Number of protein chains: 4
Amino acid sequence: MIAVLKPNTTEKQLESLTAWLKAQNLDVHISKGHFQTVIGLIGDVAKVDADLLESLEMVESVKRISEPFKSANRKFHPDDTVVDLGSTSVGGSAFAIMAGPCSIESEEQLTDIAEKVKASGATVLRGGAFKPRTSPYDFQGLKNEGIELLLKAKKATGLPVVTEIMSPSHLDMFNDVDILQVGARNMQNFELLKELGKTKKPILLKRGLSATIKEFLMSAEYIMAGGNTNVILCERGIRSYDTYTRNVLDLSAVPVLYELTHLPVIVDPSHATGVARLVRPMALAAAACGAHGLMIEVHNDPINALCDGAQSLTPEQFDRVVKDVKKVIEVTR
Amino acid sequence: MIAVLKPNTTEKQLESLTAWLKAQNLDVHISKGHFQTVIGLIGDVAKVDADLLESLEMVESVKRISEPFKSANRKFHPDDTVVDLGSTSVGGSAFAIMAGPCSIESEEQLTDIAEKVKASGATVLRGGAFKPRTSPYDFQGLKNEGIELLLKAKKATGLPVVTEIMSPSHLDMFNDVDILQVGARNMQNFELLKELGKTKKPILLKRGLSATIKEFLMSAEYIMAGGNTNVILCERGIRSYDTYTRNVLDLSAVPVLYELTHLPVIVDPSHATGVARLVRPMALAAAACGAHGLMIEVHNDPINALCDGAQSLTPEQFDRVVKDVKKVIEVTR
Amino acid sequence: MIAVLKPNTTEKQLESLTAWLKAQNLDVHISKGHFQTVIGLIGDVAKVDADLLESLEMVESVKRISEPFKSANRKFHPDDTVVDLGSTSVGGSAFAIMAGPCSIESEEQLTDIAEKVKASGATVLRGGAFKPRTSPYDFQGLKNEGIELLLKAKKATGLPVVTEIMSPSHLDMFNDVDILQVGARNMQNFELLKELGKTKKPILLKRGLSATIKEFLMSAEYIMAGGNTNVILCERGIRSYDTYTRNVLDLSAVPVLYELTHLPVIVDPSHATGVARLVRPMALAAAACGAHGLMIEVHNDPINALCDGAQSLTPEQFDRVVKDVKKVIEVTR
Amino acid sequence: MIAVLKPNTTEKQLESLTAWLKAQNLDVHISKGHFQTVIGLIGDVAKVDADLLESLEMVESVKRISEPFKSANRKFHPDDTVVDLGSTSVGGSAFAIMAGPCSIESEEQLTDIAEKVKASGATVLRGGAFKPRTSPYDFQGLKNEGIELLLKAKKATGLPVVTEIMSPSHLDMFNDVDILQVGARNMQNFELLKELGKTKKPILLKRGLSATIKEFLMSAEYIMAGGNTNVILCERGIRSYDTYTRNVLDLSAVPVLYELTHLPVIVDPSHATGVARLVRPMALAAAACGAHGLMIEVHNDPINALCDGAQSLTPEQFDRVVKDVKKVIEVTR
């Protein structure tokens, strides 16, 4: 960590600052330039409050020279993390395709979709049982009944399943779920992250609506700090000022995350755009820029879906998207 | 709700759409213009999925003509909500001043600050026991021990207290806390909101980092839908692209919320700016544009604070700010 | 255009509003619902000030039901615009590759790069002569001397050339330039757009740093309203809150624009990301989601470039990117 | 300027980097820590391309330790700039109130408004002659005829006048205009800024829609670098994701700019919010947080204004706002 002092800092101020920093068990290296003095801090700087330091009258600016995420950092773990799901995996050279309905509505609906997406090449079945809806008056999901239906579909098709968990108190219901999803709105629900860190379950962590890449990785770090390294990141669009799409899909986050972390990164073009017609182009783009997989909403009857029908593909559309995605992967990797 | 159809919509498409809408128990009024056909929907339109409707090929755009928040809406509840705290209240003509340290560190620290802010005019004591930190390696608060210290300070000073709750499973510890704060990162932690809706406790709901005003009110609605109408809103800065301040304090949200809702709206200039020097000007501005109160961080020793010292005022600075705020209120209301 | 009135609007207010609207030569259709009254306006609504209408006390909200861009609108011009450049073209089924240095530095530099990018498949040579720099103290380009060097390189290689124009007063210097680029910072420099509308020159219009898609198309409309329909749109990243990349490349704008307009849309991954390592993945993604072309910075000696070396590819890197882009196009179109 | 090297940098790489930097006439100070090596650069670092340096494989990050704006920097010019307008001034302890119609429509309209706002305490008359409109089909202003009407109103009332200039080629028409306004869309129209820098005219520079504070100051620097130090900054709202107000008024920019620069900073609540009802609260807030003045739209007949009537106050409303603003100034300064 480096602190740059203001030009008019006195010797006395410098001494007092140095003393204060040393009291925090830091090594302090002072480098005086023609115009400015720079202080280098060595030691357990993760514990230093950079904002506080920067707020001191004599300090011009502060810069951390190492990222605050350790477990997720590719620097210390150069090899790709591969999350094992038994019959399939996420990360490394595998390309994961998670597909299914936004909301689980009935056994027939889910099993029908599950068989179709499996036939088209999906590797994981998704389906919402607990639904985080902006309005308390909207359909909130079938909850534990939905999870039971999801497990039936898992049994019927052999596909591992992913579904969202919204509270640590629900953990018991998720014993047989293969991947626990943390939604964008809960990306910084730290109590939930901590509890998930105590399990060994694969976690699919969605990026918050306006989370920076660093905050996104720090939330992964919350899970990993508890001992659970099975974290899959999911870019799903960030908040912006335009209204033609629901969010702006930040695809450059994919190669940026690839450099910063060893965790797999998948992309959800359905939630990002909110528009079924845009799923195909953005799925192809995600595959082209190096994503480790996709999460796509598929519904057998989008117009009568209880939730987010606007962004769901039909199984036939999904089939064509998967075919094209595979071609893109073939020519770009 | 109004749906505008595309110019080339056929009669057959229109009939099919009308049939589908009527099947949802909606009255359908068709108005054909020279160039476009507009469909008006009447009935329980809150249940209509506007995104789905808009995604239909024949539909150009959809517009809700009533806000989806009912309980929080000033239209149906024209009088200001006043949240009663016994010795004081929040909302209406009262001006609330919530002050105290970001984190509770010790009994001496807290009681010392509590007495000082009370002497300066604070009406509520704030203090963090559970701290949502971006990094799992940062100080996470004294937790239940912190709450005990807060209750001691309450007893010593008579000030009602506000502190953040991060999980429904902690509710038991908060029995004697006067106001339960929901932090910005949990604004859409719907499981938490639902549980708080079942209590009668006053809730201080902070605006999410990139929450729209509508989403903010819908989160209040989650609490109110459970029967708890004691909700206080808090504007605390929204995410932006500039780096000179931590967030952008969206002060025009104050008069906008005043029009839309009967709930009290307070402002937190400390978290919004992250810089102690900016607290005074932004506190005065908040008072000038009609806020029902302020939440300000005060620390007796900011430079050694365990959390957010950079944005804390000393008790002396706080005293001067309160004096000036009161003058502004006097001349503007 | 539709205006929704507030529930408590009186008959007298309604009459007065109707009279005012009719005085503006509009047909007024009133539709009274159970709870709300909706007014439909027909006629030359492009001239109605929607903001003003919405500000009236009795008006709840206003919605335009037709886009304000006419010339750029695909609805009225379903076929793709193809901009003819003699030896090549932009739009339709062609895939344009514009490449070259950020700044023109010398004849050798430019001709060397031009020959190399041509050999790799570039269809247009780019090179900056007038440079819009954030700081007045940064290198501002070789100006007219730069344009002369660009025209020499055009002659030597036969490639059409594109370069940025910053002021209408410079137009004379651009007689032999094939495509005139309007930079992001000048997207709403309407005086410049109007002057370019009077020429027949192909214009490459870059999206403003925080321009909505509608504003982007309205700026194209400024050029087209003058009679010049040779407009190429360029997505080059929008402002966001993250700092890992310079901007967020909004790739979903590509398929959205494809629906809204008949104009060609190309993508500039170099300026969007600001990082050479990210150019390849984002160029592939742009090709995958349907862009009509790419604009890529190439420099023979990035480390000593006078401008934006950080985002420039070497000719060798560029060659590999073009090869991969072509494969993606082959499998996705 | 400081560059932090990656941990695995070799001695040879370090030497090569050092040689390259010294070749640019920079002093290089190397400081090796336990984990990382930091290079301090001294000399004319304003010319160093920080992005390029950061893009080098061995470089982890780069930080400028001094702001790139020199002329606008309060560090080097601690005293407030006061822009002299003859009968009045902007900056320092004066509080400027610029008021008038968005667009100049006729002599009667303008003179009537001018006399009324003067009577209420306005110190400068504003009125748009050249109007930057998003749509080419919207009213573009009376242009030179508008300026003539403005000068008549100046003569009649004695108020100095401010109006927007959109192109350097129009400069001749602005000889008798007291303050030349650069609109938000032209904040980075560098050719315009350079031409204005050659005049001695007071310039009112509006902040761009998504300009950072640094970019805003760099645009002021463009004008000042030409020798014209009469620059007034104007905060007028920045782009955000919410739709209740047109933009988000970034009031904390006011005290931040006060620290960074000696130039006066005024606030335009009319354009920021786009809603007349919000002008009063935001004008009071601007006064409370230290602005040097306000720019407010006033129209004698808002409902029939040719432009932006939605945000215009009537003269009576303006009168009350001024009275309240003055009270706020009295108690806060």
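In what follows, every heavy atom counts, from backbone to side chain, and hydrogens, waters and symmetry copies are set aside. Quick note on labels: first sequence line is chain A, next is B, and so on, each numbered from 1. Computed from a predicted structure; not experimentally measured.
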So how far is it from [X] [atom1] to [Y] [atom2], rounded to the nearest 0.5 Å?
X        : Y        : atom1 : atom2 : value
C:Phe190 : D:Met166 : CZ    : CE    : 6.5 Å
C:Ser167 : D:Leu192 : OG    : CG    : 9.0 Å
D:Tyr137 : C:Glu221 : OH    : CD    : 3.5 Å
C:Ser135 : D:Tyr222 : OG    : OH    : 6.5 Å

Can you name the side-chain hydrogen bond (donor to acceptor under 3.5 Å, both in side chains) partners of C:Lys131, sequence neighbours left out?
none

Using salt bridge (Lys or Arg N to Asp or Glu O under 4.0 Å) as the criterion, list what pairs up with D:Lys198, not counting sequence neighbours.
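Testing D:Lys198 for salt bridge (Lys or Arg N to Asp or Glu O under 4.0 Å), a comparison that skips the adjacent residues, returns D:Glu195.
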
Check D:Asn186, D:Thr134, D:Leu209 against C:Gln188 for a side-chain contact (heavy atoms from CB on, under 4.5 Å) and give me the one that passes.
D:Thr134

Does any backbone or side-chain atom of [X] lie under 4.5 Å from a heavy atom of chain C? Answer side chain, backbone, both or neither.
X        : answer
D:Pro132 : both
D:Gln24  : neither
D:Ala211 : backbone
D:Lys194 : side chain

Chain C neighbours within residues 272-280 of chain D, where any heavy atom lies under 4.5 Å away:
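Expected list: D:Arg277.
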
Of all of C:Ala310, C:Pro168, C:Pro136, C:Ser219, which one pairs up most often with chain D through heavy atoms under 4.5 Å apart?
C:Pro136

Return the option, out of C:Lys214, C:Met187, C:Gln140, C:Glu54, with the maximum number of heavy-atom pairs under 4.5 Å with chain D.
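Of C:Lys214, C:Met187, C:Gln140, C:Glu54, C:Gln140 has the most heavy-atom pairs under 4.5 Å with chain D.
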
Does anything in residues 237-250 of chain C reach chain D? List residues with heavy atoms under 4.5 Å apart, or say none.
C:Arg239, C:Arg246

What part of C:Thr212 gets within 4.5 angstrom of chain D, counting heavy atoms only: side chain, backbone, both, or neither?
both

Heavy-atom contact with chain D under 4.5 Å, split by part of C:Gln311:
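Answer is neither: C:Gln311 stays 4.5 Å or more from chain D.
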
Could you report the tightest heavy-atom contact between D:His170 and C:Glu191, atom names first, then the distance?
CE1-OE1, 3.5 Å

